[in-house]
4 protein chains.
Amino acid sequence: MAKATNQQEPTGLRADARRNRDLIVVAARELFLEQGIDVPLDEVARRAGVGIGTLYRRFPDREALLRAVGEENLHHLADLAQTAQREEPDAWHALCRFLRGCVKLRMGELSAKLDPHLHQRLRAGHDLHEIRQQVIDALLGMTEQAQADGALRGDVGPGDIAMLMTLHIYLPANMAGGPAVARVTEIMLNGLRAGVGSPLPGEALTGDDLRRYTAME
Amino acid sequence: MAKATNQQEPTGLRADARRNRDLIVVAARELFLEQGIDVPLDEVARRAGVGIGTLYRRFPDREALLRAVGEENLHHLADLAQTAQREEPDAWHALCRFLRGCVKLRMGELSAKLDPHLHQRLRAGHDLHEIRQQVIDALLGMTEQAQADGALRGDVGPGDIAMLMTLHIYLPANMAGGPAVARVTEIMLNGLRAGVGSPLPGEALTGDDLRRYTAME
Amino acid sequence: MAKATNQQEPTGLRADARRNRDLIVVAARELFLEQGIDVPLDEVARRAGVGIGTLYRRFPDREALLRAVGEENLHHLADLAQTAQREEPDAWHALCRFLRGCVKLRMGELSAKLDPHLHQRLRAGHDLHEIRQQVIDALLGMTEQAQADGALRGDVGPGDIAMLMTLHIYLPANMAGGPAVARVTEIMLNGLRAGVGSPLPGEALTGDDLRRYTAME
Amino acid sequence: MAKATNQQEPTGLRADARRNRDLIVVAARELFLEQGIDVPLDEVARRAGVGIGTLYRRFPDREALLRAVGEENLHHLADLAQTAQREEPDAWHALCRFLRGCVKLRMGELSAKLDPHLHQRLRAGHDLHEIRQQVIDALLGMTEQAQADGALRGDVGPGDIAMLMTLHIYLPANMAGGPAVARVTEIMLNGLRAGVGSPLPGEALTGDDLRRYTAME
DNA sequence: TATGAATGAGTTTTCATTCAT
DNA sequence: GATGAATGAAAACTCATTCAT
């Protein structure tokens, strides 16, 4: 799976150059989370074990680096969705596993730090379309199947699931690890069960709505 | 209400100095949201219409400014809780109004931008204890009353409500305004209804747990 | 005269700030000539005796500094033309003095170092229009009067004089000081005398043509 | 002629290496003129279509590249002088053709960009002696013959012609193409005619003086 | 008290140069 | 020989902070 992921990233680099590129992205991800997205790029280079010039050769500015990290994050999200779908016995449990797993990705921690304009620019970048579509497809499959199984309430669409996913993704770091989150997730899942509570306002959110709201990015 | 809020802030300034202070906080809040918490303080001063020297006289460093903005945010949160409690006919509807209202405060947008260490330091600052206690008290009251009314499931505590509140607070800006949020909130509220779904894992979260997780900060 | 020159430069600065600005321009002019237009701006600041930040506050980039130096150069050129016109007994001698004096300004040494695009941008800047017009006016007066006196050949216009001026301005530094230049200038002046040699090709160049060719810039 | 020129450059390279060397010099000449002599060598290599390593193999530093370009320039100058001398019917017309042709070489555009120290170093380099001597010889021949013919005033020497040549060479790019230059050249030629105007100050400049002043370099 | 000019440390960024492939 | 990846020194540039006016 990891291999498949990597194959979608820029290729055609000499083996050593490729390895350096990956080291840089890993270091950047770590430091962005630890110290904020304004860490000196010097420090990123140092942690990656390369010269600052090498970093700049691959990533002409901070934004390019953020984009690369975001792309990797999205790969993880797609992995999570596809694995859940594949490994769980039924669609409802796949949905549960997916939502619970989103928290651990800590994706929002990064997105939330971006200023709105940059955030928008990153989202608009076309590098992410394909991979984002994979997430969408998986969510769509799980939602429809769970409804056919009578496990998921009928008046929600895949877009609604994506919204809940986003909420999990953006959970602040200090809560993300704790046991309290598990309870909150269960409250949501209870609210999603078929035959529960009052009808929701408006229309079920479709995959297209979802496309507008999916996180990071 | 606004007046009451202001009285809790530093006082004893000459009227014009006081006005300058407020202009600065407002400008800072706007710019932190627009451009990130790293906006040049020069720019904050310019937007506030004061000299950079004046800004420094009131706020010895960026952290002091962040603290002031956070404090104001927390005042808004307390306002929201107390007003809901006072104006709604019953506790369940007060809870609903409170959760729905959290989104509009856009509080998390700022907190989420802080690096973990700074975030921790701000939370620990003692300026916020009193006002945070007000939020806690209101939540506690609403929760217990709603359970007594048989409207809220019995296995949740005020801490659980606070978690849901936090989720709403941290909702990313691009989603915060949309109609999709309303649906997500309703899903959660459905999950909170008495007699719904499966029991939650672990113990109901108390006000003390809540204290650890409340946002902004 | 120097005073008049200064009054045309940006004003409204505190006295000390104004003095610093001037020190920077002087230092820049010296170093651009000594070391090329790529001298580290650090060095300019050091020679001016100010911090690098001060330099950047007044001149947001190297181009702004070049523009300021160029403006000063042009002031010197106008001074030269006007002084010659005022102090010489007749227009022909004023022209001679003007042409001979151009060499000493060393103006071209700077312009010639600019890459074409930058050069064009500087020329286009509107800061220089007024002062350039002064040069044009003086040249026009001298030319017409010298022709009325029967000293200057009739088939040249002020634009032709400006061309010769430009040639002198762009004389390379290693020749500019030497005695050889004097001889070359005299050859030109001989060629300008009334009744000499063959007619020139094309039309006499007017002040408008001149406007297109005047140097530095 | 072009072939003869090339034969004087370093030889003994494999055919492909030789071709690469020439591509680099051509690219360098273009970019030096377009962007200034500080253009990144990376860019020179790219325009030449070779790797940066290849460039460095041939030219150990920027100065070597400048020297090569200058050398080529000087070859063109010698070509111009020798061709004029050979093809024109008499020495006066050869001189005229030579002076008029200098403008098109755009040689000064490069020299003028050098800082004084580098300029001096390049001039001093011994690579250029032989080729510069060719220019000198041609000028000397034309001057003496034109004076013998009674066409050129007697009180100028070949050094004076060289000075006028230099003036033409250093003409700024924005003027070099225009029709105005032709008029200026004619003014000079008129000033050079036998029997014209007043005597020149000082002594006629010899070939030795000329050696000191000839451009590029 | 308010102002904004000055400062320089800290970052970003570029590019000449080396060297493994 | 050719290539282009890596390097890091040097230059550009920003901005928090101080302090004279």
Side-chain angles (χ1 to χ4, degrees), chain A residues 12-21 24 38-46 48-62, chain B residues 13-14 16-18 20-21 24 38-46 48-63 65, chain C residues 13-21 23-24 38-46 48-62 65, chain D residues 13-18 20-21 24 38-46 48-63 65:
Chain A
L13 290 173
R14 248 165 48 183
D16 55 344
R18 171 73 217 191
R19 203 171 43 75
N20 276 342
R21 200 205 101 101
I24 292 169
D38 299 306
V39 273
L41 293 184
D42 254 18
E43 202 161 331
V44 174
R46 204 172 320 119
V50 304
I52 180 65
T54 302
L55 185 151
Y56 268 90
R57 161 181 283 265
R58 291 298 158 225
F59 303 98
D61 53 27
R62 184 181 298 276
Chain B
L13 291 172
R14 254 170 41 187
D16 58 342
R18 172 74 218 187
N20 275 345
R21 202 205 100 102
I24 291 168
D38 299 306
V39 272
L41 293 185
D42 256 15
E43 202 161 330
V44 174
R46 204 175 317 122
V50 304
I52 180 66
T54 303
L55 186 152
Y56 266 87
R57 163 177 297 271
R58 293 294 160 234
F59 303 96
D61 53 26
R62 181 182 300 275
E63 201 167 315
L65 205 43
Chain C
L13 291 172
R14 247 165 48 182
D16 56 343
R18 170 74 216 193
R19 201 171 45 75
N20 276 342
R21 201 206 99 102
L23 287 172
I24 292 169
D38 298 306
V39 271
L41 294 185
D42 255 16
E43 203 162 331
V44 174
R46 205 174 317 122
V50 304
I52 181 65
T54 301
L55 186 152
Y56 269 91
R57 160 181 283 266
R58 293 296 158 227
F59 304 97
D61 53 27
R62 183 180 299 275
L65 204 42
Chain D
L13 291 172
R14 253 168 44 185
D16 57 343
R18 171 74 216 188
N20 275 345
R21 202 205 99 102
I24 291 169
D38 298 305
V39 75
L41 294 184
D42 256 16
E43 202 161 330
V44 174
R46 204 173 319 122
V50 304
I52 180 64
T54 304
L55 185 152
Y56 266 88
R57 165 175 296 272
R58 293 296 159 231
F59 304 96
D61 53 25
R62 182 182 299 275
E63 201 168 314
L65 204 42

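First the proteins, then the strands, lettered A, B, ... as listed; each starts at 1. Treat the numbers as computed from the prediction; the structure is a model and nothing was measured.
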Under-4.0 Å side-chain N/O to phosphate OP1/OP2 contact, [X] with [N]:
| X | N | value |
| --- | --- | --- |
| D:Arg58 | F:dA2 | yes |
| D:Asn20 | F:dG1 | no |
| A:Thr54 | F:dA5 | no |
| A:Arg57 | F:dA6 | no |

Whole-Å distance between [N] [atom2] and [X] [atom1]?
| X | N | atom1 | atom2 | result |
| --- | --- | --- | --- | --- |
| A:Phe59 | E:dT13 | CZ | P | 14 Å |
| D:Arg62 | E:dT17 | CZ | C1' | 12 Å |
| B:Glu43 | F:dT14 | CD | C1' | 12 Å |
| D:Arg46 | E:dC15 | CZ | P | 10 Å |
| C:Arg18 | F:dA20 | CZ | P | 24 Å |
| A:Tyr56 | F:dA5 | OH | P | 19 Å |
| D:Asp38 | E:dT13 | CG | P | 21 Å |
| D:Leu65 | E:dT17 | CG | P | 12 Å |

Test applied, side chain to side chain contact (heavy atoms under 4.5 Å, CB included); reference residue, B:Leu55; option that passes from B:Asn20, B:Asp42, B:Val44: B:Val44
Between E:dT12, E:dA2, F:dA16, which one does the side chain of B:Ala17 approach most closely? E:dA2
Output yes when a side-chain donor or acceptor of A:Arg21 lies under 3.5 Å from a complementary backbone atom of A:Phe59, and no otherwise. no
Without swapping roles, check the side chain of A:Arg62 against the backbone of A:Val39 for a donor-acceptor pair under 3.5 Å. yes
When rounded to the nearest 0.5 angstrom, what distance separates OH in C:Tyr56 from CG in C:Asp61? 8.0 Å
Could you measure the distance from the CZ atom of C:Arg58 to the CG atom of C:Leu23? Nearest 0.5 Å is fine. 12.5 Å
Which sits closer to the 5' end of DNA chain E, D:Asp42 or C:Leu55, going by the nucleotide each is nearest to? C:Leu55
Using purine N1 to pyrimidine N3 plus N6-O4 or O6-N4 for Watson-Crick, or N1-O2 and O6-N3 for G-U wobble, each under 3.5 Å, what pairs with F:dA5? E:dT18
Scan B:Ile52 against the nucleic acid and name what it touches under 4.0 Å (heavy atoms): base, sugar-phosphate only, or nothing. base
Of B:Pro60 and A:Gly53, the one whose closest nucleotide on DNA chain F sits nearer the 5' end is A:Gly53
